[in-house]
Amino acid sequence: MKILVTVKRVVDYNVKVHPKADGSGVETANIKMSMNPFDEIAVEEAVRLQESGKATEIVAVSIGVSQCQEVLRTALAMGADRAVLVETDAILEPLMVAKLLEALVEREQPDLVILGKQAIDDDCNQTGQMLAALLGWGQGTFASKLTLGEQEIEVTREIDGGLETVALKLPTVVTADLRLNEPRYVKLPNIMKAKKKPLETLSPGDLGVVPMTQLTTLKVAEPPKREAGIKVADAAELVAKLRNDVKAI
Ligand code: AMP
């Protein structure tokens, strides 16, 4: 049982992002970058499947600039066996990423691909779904529990107002939701060991994929500033304000 797990390098979730002065995108110069939080959950799940004896190999994949090696090293320190960086400076939209992953799947022949449900930079929530479609595989998205069998995997999915459990034939695509697990804290000895694990670098051309884009970002802007609130003396004044000023009642 081989697992391919994807890790995207994104602006750290603790950073408050700001649009660039020209509104062409989000400012990323001198900003802390980290592994997409949902991808940490995906890696953790792959490692737990390996620790329970159900998976034999975990390959971590990242697509992007050479600094993506850092998130791959984190995945290796968490427990992935080897890593592949598809190095490109191109703007990456989900369809492009899915096409590159499709080519990698053909190369690596995994039984299971685990992605994050969403990258917190562009909030697309599309890549796993597109990859499954390109491969003609099933998909278990928004997973909060996985039960792996020989030929099949049961995926409990977080859906509006409840949970849904589906059984999927392997090979298949799964995307990790927040409650799937709590990623482990990476210890220093494992960070040291990860430096010796194999990290292969490929170009999109090596995978036979030509980078392309299909959309243009017109403008990125801050949300409008919230107006300051006011204090009222008592309930009667609150009701009067809601009725006469805000016209909410
Ligand atoms: P998105 O569809 O962009 O919200 O991304 C969903 C998931 O696809 C992410 O959580 C990652 O697991 C994976 N993914 C997207 N872009 C990349 C990338 N450039 N490199 C590696 N994985 C990616």
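We count ligands from 1, going down the list as the structure has it; atoms in each ligand are counted the same way. Treat the numbers as computed from the prediction; the structure is a model and nothing was measured. FYI, the numbering just counts along the sequence from 1.
Among the candidates Gln151, Glu152, Met1, the single residue satisfying the side-chain contact (heavy atoms from CB on, under 4.5 Å) test with Leu170 is Met1.
Of all atoms in ligand 1, listed by their number and element, those nearer than 4.0 Å to a heavy atom of Asn36 are 9 (C), 10 (O). Listed by number with element, the atoms of ligand 1 under 4.0 Å from a non-hydrogen atom of Cys124 are 1 (P), 2 (O), 3 (O), 4 (O). Ligand-side atoms of ligand 1 in range of Asn125: 1 (P), 2 (O), 4 (O), range being under 4.0 angstrom from any heavy atom.
Of the protein's non-hydrogen atoms, Thr127 OG1, 3.8 Å is the one closest to atom 15 (C) of ligand 1. Looking at atom 21 (C) of ligand 1, its nearest protein heavy atom turns out to be Val7 O, 3.3 Å. In this structure, atom 16 (N) of ligand 1 lies nearest to the protein heavy atom Lys8 CD, 3.4 Å. Atom 6 (C) of ligand 1 has its closest protein heavy atom at Gly116 O, 3.5 Å. Nearest protein neighbour of atom 9 (C) of ligand 1, counting heavy atoms only, is Asp39 OD1, 3.5 Å. Annotation: atom 22 (N) of ligand 1 to nearest protein heavy atom, Thr6 CB, 3.5 Å.
Salt bridge annotation for Glu57-Arg82: present, with a cationic side-chain nitrogen under 4.0 angstrom from a carboxylate oxygen.
Although no hydrogens or angles enter the test, the distance criterion places a donor-acceptor pair under 3.5 Å between the side chain of Arg157 and the main chain of Thr141. A distance-only check finds no donor-acceptor pair linking the side chain of Glu158 to the backbone of Asp177 [under 3.5 Å].
Contact analysis leaves Asp122 out of contact with ligand 1, as no non-hydrogen atom separation drops below 4.0 angstrom.
When all heavy atoms of Thr127 and Pro94 are compared, the closest pair comes out as OG1-CB, 3.6 Å. Shown here for Asp121 and Lys8, the closest heavy-atom pair between the two residues is OD2-NZ, 3.1 Å. Summarising the geometry of Ala80 relative to Lys197, their closest heavy-atom pair is O-NZ, 2.8 Å, with the distance given to 0.1 Å. Here the closest non-hydrogen pair linking Lys2 and Thr56 is N-OG1, 4.3 Å. Listed here is the closest heavy atom pair of Met96 and Met212: SD-N, 3.5 Å.
Looking at Ala119 next to ligand 1, an N or O pair under 3.5 Å apart turns up. Residue Gln126 places at least one N or O, backbone or side chain, under 3.5 Å from an N or O of ligand 1.
Taking only non-hydrogen atoms, the option from Leu92, Ile63, Val61 nearest to atom 18 (C) of ligand 1 is Ile63.
Under 4.0 angstrom from ligand 1, the non-hydrogen atoms of Leu115 come from both its backbone and its side chain.
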